[in-house]
Amino acid sequence: MDSTVAHLNTLKASVENIYDSLVDPKALNPLIDGLSKVANLFANFVDSIGGGGAMLESLGAIGLSVFSSKIANSLTTTITNMQIARDNAA
């Protein structure tokens, strides 16, 4: 029991004992089943719109239309700041 591996195994057994005492695996099963159903619904949704690429294109188009004015303002500010920095460097 002097080796590090033996001490780690003892610690592991103690942690597993704490987990078994605190968590009832049967209580987690409904949560796990619910998460599985959500994951399956999301996978079916992605498949129904033509896959992940189509979903990313749709989300990109939505994001672009929602944030286009902010993107334009940010680009304008960036260009202005670069021009000021160039003028200050000169």
Side-chain angles (χ1 to χ4, degrees):
M1 285 295 281
D2 287 335
S3 73
T4 303
V5 172
H7 288 276
L8 288 173
N9 286 337
T10 302
L11 175 62
K12 180 180 175 185
S14 298
V15 170
E16 287 174 354
N17 188 22
I18 292 170
Y19 175 80
D20 290 341
S21 297
L22 293 176
V23 178
D24 179 17
K26 291 179 183 176
L28 291 178
N29 289 342
L31 174 65
I32 294 168
D33 291 343
L35 291 173
S36 295
K37 288 178 183 178
V38 169
N40 284 329
L41 285 172
F42 184 71
N44 290 338
F45 170 73
V46 170
D47 289 341
S48 72
I49 63 170
M55 186 178 82
L56 288 176
E57 286 178 19
S58 298
L59 290 175
I62 291 169
L64 188 59
S65 67
V66 169
F67 297 109
S68 62
S69 64
K70 291 186 182 203
I71 292 170
N73 288 339
S74 295
L75 288 173
T76 302
T77 302
T78 301
I79 291 169
T80 302
N81 288 339
M82 291 176 79
Q83 290 171 340
I84 292 170
R86 183 193 63 207
D87 292 343
N88 288 338

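- Cluster partners of Leu11 are Val15, counting Ile, Leu, Val, Met, Phe, Trp and Tyr whose side-chain heavy atoms approach within less than 4.5 Å, directly or via other members.
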Kindly list each side-chain donor-acceptor pair under 3.5 angstrom involving residues 36-46, sequence neighbours excluded, with atom names and distances?
unit_1	atom_1	unit_2	atom_2	d
Ser36	OG	Ile32	O	3.0
Asn40	ND2	Ser36	O	3.3
Asn44	ND2	Asn40	O	3.3

With a 3.5 Å cut-off and sequence neighbours excluded, list the donor-acceptor pairs that the side chains of residues 54-71 form with protein atoms.
unit_1	atom_1	unit_2	atom_2	d
Ser58	OG	Ala54	O	3.0
Ser65	OG	Ala61	O	3.3
Ser65	OG	Ile62	O	2.9

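- Through side-chain heavy atoms spaced under 4.5 Å, either directly or across other Ile, Leu, Val, Met, Phe, Trp or Tyr residues, Met82 is tied to no other residue.
- With sequence neighbours left out, Glu16 forms a side-chain contact (heavy atoms from CB on, under 4.5 Å) with Lys12.
- Atom CD1 in Ile79 sits 12.0 Å away from atom CD1 in Ile84 (nearest 0.5 Å).
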